[in-house]
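Just below is one structure, and these are the notes that go with it.
In this text, all values refer to a predicted model and were calculated from it rather than measured experimentally. Because only heavy atoms are used, hydrogens play no part in the values below, and waters and symmetry mates are left out as well, while side chains stay in.
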Amino acid sequence: VRFSVLFVHMHRFLLLTLCCVLVAVEGRKLFPKQLGKKGAMGWTTWCTEGACGQKHLKNSVGHGYHDWCNEKEIISVAEAMIQNGMKDAGYTHINLDDCWAWITRDANGNLQGDPNRFPNGMEAFISKLHGMGFQVGLYTSIGKTTCDRGGRNQSIPGSYGHNKQDAETFAKWGVDYVKLDWCGTTPAMLLEEEKLHKQFHRALNATGRPIWFNFHCFPYDIFNTTWCSEIGNSFRIGIDHHDNWETTDEIISSWMTKHPADVGPWSWPDPDFLMTGGAGCNNPTPGKRCPGMSDTEYYTEFSIWSIAGGQLLVASDVRNMSALQKDILLNKDMLDVFNDPLGELGELVALWPCHAYPKCSVWSKPLSTGEVVVALLNTDDHPHKITGEWHAVPGKGWGADTVLNVYDLWQHKSMGSHKGKYEADVAAHGVVVVRLSKPSLLELQ
């Protein structure tokens with residue numbers, strides 16, 4: 001009897017210990033509030049109706065008239081996303097960047113919406129978007145002020161010294177996503193970056209409301225991301241992305257030399273916003289876009305963001321969508337790659353010698369089906385022939401004698417079976433994205 005009782009107690013103890021270990025292991029990856037099993041998809045106000053300082057636009061000074069928004073604009077975009085298929089495709093986040101807050105806090109020290117832009121108040125506005133089936137994100141900054149005035153005549157208050165108060169305000173309003181920028185800071189604050197972000201993270205969690213947490217993870221050139229992945233559902237890993245090839249290329253290049261550790265489901269690397277189809281122009285005009293990149297470059301941007309990144313937040317105007325925007329943003333083959341349940345991020349696996357080293361590269365991402373997506377990328381100013389060799393794909397054991405089926409994800413067609421490699425002509429600043437799979441026994445006969 002004593003042995004039986006002892007066995008039962010030992011059994012319970014081992015089970016309890018095992019459960020605690022599992023909770024401890026999973027808990028860190030599930031933080032905060034178990035959000036982020038998949039990367040966020042949606043639309044953001046940033047640059048939608050503003051030039052964003054694009055060099056190709058006449059009279060575009062500095063950052064131009066970006067970070068502008070109001071209730072009418074955002075509701076019209078939400079309605080368009082329902083009508084044009086974006087919402088059904090998974091773009092369910094609507095995030096307001098540095099454009100929504102008023103220039104002062106209220107009498108109790110609370111953040112408040114700009115009454116001219118959101119006359120019905122933030123809580124009612126957010127509730128309306130929830131009723132349309134969207135999740136809503138708001139922007140703030142870790143410093144005393146935010147980054148941009150958004151056309152107003154004085155700075156916007158940041159969250160420094162108001163973490164608990166602002167987190168409670170966001171929760172009360174029903175906010176689902178908070179972007180914490182790095183503006184209004186001092187050099188000394190950079191030395192306390194981890195401490196400051198963890199304070200804000202704890203304030204969000206203390207509200208009891210699940211709120212996605214996004215922030216900058218400095219320094220970008222080191223990618224010491226352990227603490228960033230512990231507290232963030234997503235975190236920025238590079239410079240601001242603008243509607244030009246220079247910043248697109250720089251962000252892609254940063255992925256080529258550094259890959260953040262400890263990222264994936266629950267804690268995604270954020271390459272910054274997509275500019276698909278072009279940012280806005282000099283004056284806020286609904287549906288008007290002034291592209292800063294070529295069509296080829298927009299395909300490349302979306303391809304690498306989908307393969308190696310963890311967020312697809314579109315910063316261009318999606319009302320009156322162009323044929324290009326539809327072809328890119330609603331490409332089910334590419335969206336399936338981004339949303340693949342395996343949750344593995346793609347990465348650079350080979351550099352191809354194309355007389356423009358290291359401008360030609362091969363990327364791969366494993367899928368839950370056992371298939372692999374391979375991207376042949378050319379960031380050079382001239383077209384090149386690039387070869388993806390099967391042996392470069394990690395973890396598969398494929399070699400020169402391996403035969404694989406090749407399916408082009410942008411052309412939506414089979415490219416046949418290929419032994420040992422796949423070669424393609426890739427345009428300047430362009431990409432070819434294919435899915436590799438083993439032939440069936442019937443196909444091999």
Side-chain angles (χ1 to χ4, degrees), residues 26-46 69 74 78 81 86-87 90-101 111 122-123 125-127 129-130 132-142 146 159 163-164 166-182 196-217 225 227-237 260 262-274 305 309-315 338-339 341 343 345:
E26 284 296 305
R28 190 179 63 77
K29 291 300 290 180
L30 294 176
F31 240 80
K33 302 295 183 183
Q34 301 188 10
L35 295 175
K37 185 175 182 180
K38 291 185 178 181
M41 293 174 57
W43 169 83
T44 173
T45 57
W46 201 71
C69 68
I74 296 164
M81 292 172 70
M86 286 187 69
K87 180 174 175 288
Y91 296 91
T92 57
H93 284 267
I94 289 186
N95 288 4
L96 283 61
D97 214 77
D98 195 0
C99 63
W100 64 270
L111 289 173
M122 299 308 296
E123 188 170 359
F125 164 71
I126 291 170
S127 178
L129 286 174
H130 283 163
M132 299 171 73
F134 291 99
Q135 296 172 289
V136 184
L138 290 184
Y139 166 106
T140 187
S141 182
I142 203 166
T146 66
S159 288
N163 289 345
K164 182 177 184 294
D166 291 353
E168 289 174 351
T169 296
F170 293 146
K172 177 178 178 293
W173 288 347
V175 172
D176 305 293
Y177 182 119
V178 169
K179 172 185 172 180
L180 185 67
D181 213 337
W182 186 268
L196 293 171
H197 283 91
K198 286 185 174 180
Q199 287 175 350
F200 198 92
H201 164 258
R202 285 194 294 270
L204 286 178
N205 277 347
T207 67
R209 178 175 178 80
I211 299 177
W212 185 295
F213 187 33
N214 172 273
F215 56 91
H216 286 260
C217 186
T225 58
W227 70 266
C228 297
S229 63
E230 285 178 354
I231 67 171
N233 302 107
S234 59
F235 48 91
R236 285 280 302 281
I237 57 169
D262 201 22
V263 293
W266 321 112
S267 52
W268 298 98
D270 174 13
D272 204 13
F273 304 137
L274 289 162
W305 263 239
Q311 290 202 153
L312 297 179
L313 296 178
V314 185
F338 176 77
N339 288 310
L345 293 170

Using a strict 4.0 Å threshold on nitrogen-to-oxygen distance, state whether K164 and E168 make a salt bridge.
yes
Write down the atom of [X], the atom of [Y], and the distance for their closest heavy-atom approach.
X	Y	value
E123	K172	OE1-NZ, 3.1 Å
V314	M86	CG2-CE, 4.4 Å
S159	D166	OG-OD2, 2.6 Å
A171	T207	CB-CB, 3.6 Å
C217	F235	CB-CD1, 3.7 Å
G343	P265	O-CD, 3.3 Å

Please verify the inter-ring angle class for H93 with W212; under 30° counts as parallel, over 60° as perpendicular, anything in between as tilted.
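Rings of H93 and W212: perpendicular, as their planes differ by over 60°.
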Can you label the angle between the F213 ring and the H197 ring as parallel, tilted or perpendicular, going by 30° and 60°?
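Geometry flag for H197 against F213: tilted rings.
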Run W173 and V136 through side-chain contact (heavy atoms from CB on, under 4.5 Å) and show every step you take.
CA-CA 10 Å; W173 288 347; V136 184; over 6 Å; no
Please check if atom NZ in K198 has more than 12 non-hydrogen atoms from other residues, nucleotides or ligands closer than 6.0 Å.
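More than 12 heavy atoms, drawn from other residues, nucleotides or ligands, come within 6.0 Å of this atom.
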Check against side-chain contact (heavy atoms from CB on, under 4.5 Å), D176 and R209
CA-CA 8 Å; D176 305 293; R209 178 175 178 80; 2.8 Å; yes
Less than 4.5 Å apart, side chain to side chain, heavy atoms only: is that true for [X] and [Y]?
X	Y	value
L345	W268	yes
F215	C228	yes
L35	Q135	no
L129	I74	yes

Once you round to the nearest 0.5 Å, how far does [atom1] of [X] lie from [atom2] of [Y]?
X	Y	atom1	atom2	answer
L196	I142	CG	CD1	4.5 Å
H216	S141	NE2	OG	8.5 Å
M132	S127	CE	OG	12.0 Å
S234	K179	OG	NZ	10.0 Å
C69	Y139	SG	OH	12.0 Å
T140	D97	OG1	CG	11.0 Å

Mind running side-chain contact (heavy atoms from CB on, under 4.5 Å) on L111 and W100 for me, showing each step along the way?
CA-CA 10 Å; L111 289 173; W100 64 270; 4.2 Å; yes
Might you work through the side-chain contact (heavy atoms from CB on, under 4.5 Å) test for T44 and Q311, ending with a clear yes or no?
CA-CA 12 Å; T44 173; Q311 290 202 153; over 6 Å; no
Pick one: which of N95, D270, N233 meets side chain to side chain donor-acceptor pair (under 3.5 Å) with N214?
D270
Using a 3.5 Å distance criterion without hydrogens, assess whether the side chain of W305 forms a donor-acceptor pair with backbone atoms of D272.
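Checked: pair present.
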